[in-house]
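Contents: one structure, followed by commentary.
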Amino acid sequence: MANDGPVEHGYPHLETVRAAITALYKRLSYDTIQTFSTSVPPADVAFCDTDDLYLGAQRVARELVRHYRLPDARVIVSFREMHHAANVELTAGPEYFVELNDRFRTHRRDIGAALAHEIMHVYLHRLDLSFPGTRDNEILTDTATTYLGAGWLLLDAYREDSDSSQKLGYLTPEEFGYVLAKRALVFGEDPSIWFTSPQAYTAYVKGMTLARRDEQQPPLTAAGWAGRRRYARDRRHAQSQHVLVSAPGTPYAFTPDARGPLRVSFPCPTCHQRIRVPVRGRMRARCALCRTVLECDT
């Protein structure tokens, strides 16, 4: 939790974020992810200053448990002084103890954001889905929280001005915006209408720009002129050399195939699973993982 300190910006964890989205699709399946098409609505996690602190925190926790479809999990919330925003004790269940930083006693509107992250730890624990190392595992948790409909709370908790700053989670604001944008493009949902933080909206717009750029990389037909021209040059080189060609800074790679035409592999713009198709001009490719149909010009 960045508290009146410097907030990291940009996309330093982008590759791990993309790997986390792929891992979610692989572990949950397309059909399960589709059941999270509706985000947590603001009314369900609203916290008024006049609400009882403990009863209100338990109510918000129950709503998040319901959203994550963990009906047999019981989350017990307490508060104590600590360095991090929150902590959860991962056990066999069904009871899970979540401790929140004492700061949330007076910053109650962000309790939902902290609980969304910690209860996602429970969800991933039950799925037996994790990444090696604390850092990557926390990035997985932030990404899953956001992609499955509760992460807009984490981005909305980001506030920064000349005198103070606050950010929850391990992703940068722009990375939260990127994952929110990836979700929005899949489900046709606009989370920006729920933001109370103007900085959150700015980060979301930046993230959407990058997410749309994923859909404009060759060999996709939506690629721009410069990208298409470089792709054609790399393709000619691969065809003449008959060796693996993976140009630096490009998402695609050409591989020779002794039994047929040259093939090109590239990441699916939705789930980032790599797709491998023959080089033969205009065609449609369907991602087997997320079922996205892609218009390609290979």
Side-chain angles (χ1 to χ4, degrees), residues 1-3 28 32-33 35-127 138 141-159 166-171 176 179-180 183 187 189-197 200:
M1 177 173 68
N3 179 11
L28 291 179
T32 301
I33 284 181
T35 65
F36 289 92
S37 60
T38 303
S39 289
V40 175
D44 287 357
V45 291
F47 207 118
C48 178
D49 287 341
T50 59
D51 290 344
D52 180 270
L53 177 65
Y54 290 94
L55 292 178
Q58 292 296 153
R59 173 184 57 79
V60 173
R62 284 195 301 272
E63 289 297 334
L64 289 164
V65 165
R66 182 193 59 78
H67 176 77
Y68 291 143
R69 294 160 180 79
L70 295 168
D72 58 335
R74 296 192 298 274
V75 174
I76 299 169
V77 184
S78 62
F79 297 80
R80 73 174 176 88
E81 189 174 335
M82 66 174 84
H83 175 69
H84 295 292
N87 179 64
V88 62
E89 182 181 345
L90 295 176
T91 62
E95 290 187 340
Y96 298 90
F97 294 89
V98 174
E99 296 176 317
L100 297 183
N101 192 302
D102 266 340
R103 174 185 174 88
F104 292 112
R105 291 179 181 272
T106 54
H107 292 73
R108 298 185 179 187
R109 67 172 177 171
D110 297 324
I111 284 177
L115 288 174
H117 177 95
E118 298 308 318
I119 297 174
M120 177 52 69
H121 271 301
V122 174
Y123 184 80
L124 296 175
H125 174 68
R126 289 190 169 192
L127 285 176
E138 292 291 350
T141 304
D142 276 343
T143 303
T145 303
T146 307
Y147 204 82
L148 298 184
W152 69 268
L153 291 162
L154 285 162
L155 180 54
D156 196 42
Y158 161 55
R159 290 180 286 278
Q166 174 185 283
K167 185 187 77 69
L168 302 182
Y170 282 68
L171 299 185
F176 273 120
V179 181
L180 271 177
R183 171 184 167 81
F187 295 117
E189 185 181 66
D190 181 11
S192 65
I193 60 174
W194 302 322
F195 292 148
T196 60
S197 164

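Scanning both residues, Val77 and Ala61, for their nearest heavy atoms gives CG2-CB, 4.1 Å. The nearest pair of heavy atoms linking Leu64 to Gly112 is CD1-O, 3.7 Å. Closest approach of Phe47 to Ala57, counting heavy atoms only: CE1-N, 3.3 Å. Between Ala114 and Leu168 the shortest heavy-atom distance is N-CD1, 4.1 Å. Of all non-hydrogen atoms in Trp194 and Asp156, the two that sit nearest each other are O-OD2, 4.1 Å. Trp152 and Pro42 get closest at one heavy-atom pair: CH2-CG, 3.7 Å.
Annotation: salt bridge (Lys or Arg N to Asp or Glu O under 4.0 Å) contacts involving residues 67-83, sequence neighbours excluded, comprise Asp72-Arg126, Arg74-Glu95, Arg80-Glu99.
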Begin from the C-alpha positions of Thr141 and Tyr170 and carry the test side chain to side chain contact (heavy atoms under 4.5 Å, CB included) through to its verdict. CA-CA 9 Å; Thr141 304; Tyr170 282 68; over 6 Å; no
Exercise for the section: Apply side chain to side chain contact (heavy atoms under 4.5 Å, CB included) to Asp102 and Met82, showing your working. Expected result: CA-CA 7 Å; Asp102 266 340; Met82 66 174 84; over 6 Å; no
Evaluation steps, side chain to side chain contact (heavy atoms under 4.5 Å, CB included), between Phe176 and Thr146: CA-CA 7 Å; Phe176 273 120; Thr146 307; 3.4 Å; yes
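With hydrogens and angles ignored, the 3.5 Å screen pairs a side-chain donor or acceptor of Asn101 with a backbone N or O of His84. Of the possible donor and acceptor atoms, none in the side chain of Glu138 sits under 3.5 Å from a partner among the backbone N and O of Leu171.
Here the side chains of Val98 and Ile76 are not in contact, with every heavy-atom distance at 4.5 Å or above. Under the 4.5 Å side-chain criterion, counting only non-hydrogen atoms from C-beta, Lys167 is in contact with Tyr158. For the pair Tyr68 and Thr145, the minimum side-chain heavy-atom distance is below 4.5 Å. Side-chain contact check for Leu148 versus Tyr123: some heavy-atom pair is nearer than 4.5 Å. Residues Phe79 and Ile111 have side chains in contact (heavy-atom distance under 4.5 Å, counting atoms from C-beta outward).
For Arg108, the salt bridge (Lys or Arg N to Asp or Glu O under 4.0 Å) test picks out no residue, with sequence neighbours left out. Remark: Ser39 engages Arg183, Glu189 in a side-chain hydrogen bond (donor to acceptor under 3.5 Å, both in side chains) (not counting sequence neighbours). Judged as a salt bridge (Lys or Arg N to Asp or Glu O under 4.0 Å), and not counting sequence neighbours, the contacts of Asp110 are Arg159. In this structure Arg66 satisfies the side-chain contact (heavy atoms from CB on, under 4.5 Å) test together with Asp44, Glu63, sequence neighbours excluded. For His107, there are no ring pair (Phe, Tyr, Trp, His ring centres under 6.0 Å) partners two or more places apart in sequence or in a different chain.
Taking CG of Leu28 as the reference point, atom OH of Tyr147 lies at 11.0 Å (rounded to 0.5 Å). Taken from CZ in Arg62 to CG in Leu70, the straight-line distance is 15.0 Å, to the nearest 0.5 Å. If you take CD1 on Ile119 and NE2 on His125, they are separated by 14.5 Å, rounding to the nearest 0.5 Å. Atom OH of residue Tyr54 and atom OG of residue Ser78 lie 7.0 Å apart, to the nearest 0.5 angstrom.
Classified by interplanar angle (parallel below 30°, tilted 30° to 60°, perpendicular above 60°), the ring pair His67/Phe36 is perpendicular.
The only member of Val65, Leu115, Val75, Leu153 that meets side-chain contact (heavy atoms from CB on, under 4.5 Å) when paired with Val60 is Leu115.
Aromatic pair His117/His121: ring centres closer than 6.0 Å.
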